[in-house]
Amino acid sequence: MAGVILRDGESFENLIKRFRKVVTKEGILQDAKKAMVYEKPSEIKKKELISARRKWLRKLKKEREEE
């Protein structure tokens, strides 16, 4: 569970900024948004395949640049 503690002399705005960074880093909002919308298993699989292809193409491009 994400949490932040108010430091001495810290403003509320800075506390909120730190909290948002923690929440973003841990991916809490992203998980909540995923839970709000149902995705069919076929859609999930399709997204994973697209992501894997992108990673593969990036790796291939990087290898060609190094040559």
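Side chains included, hydrogens not; waters and symmetry mates left out as well; all remaining heavy atoms used.
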Original post:
CZ of R20 to CD1 of I28: how many Å apart, nearest 0.5 Å?
Top reply: 14.0 Å
Original post:
Would the number of heavy atoms belonging to other residues, nucleotides or ligands and lying under 6.0 Å from CD1 of I5 be above 12?
Top reply: no
Original post:
Say you draw a straight line from CD1 of I44 to NZ of K46; how long is it, rounded to the nearest 0.5 Å?
Top reply: 13.5 Å
Original post:
Is the number of heavy atoms from other residues, nucleotides or ligands within 6.0 Å of OH (Y38) greater than 12?
Top reply: yes
Subject >> From R54 atom CZ to L49 atom CG, the distance as rounded to the nearest 0.5 Å >> reply: 12.0 Å
Original post:
Would you call K62 and E66 a side-chain contact if the rule is heavy atoms closer than 4.5 Å?
Top reply: yes
Subject >> Hphob cluster co-occupancy, W56 + I50, side-chain heavy atoms under 4.5 angstrom >> reply: no
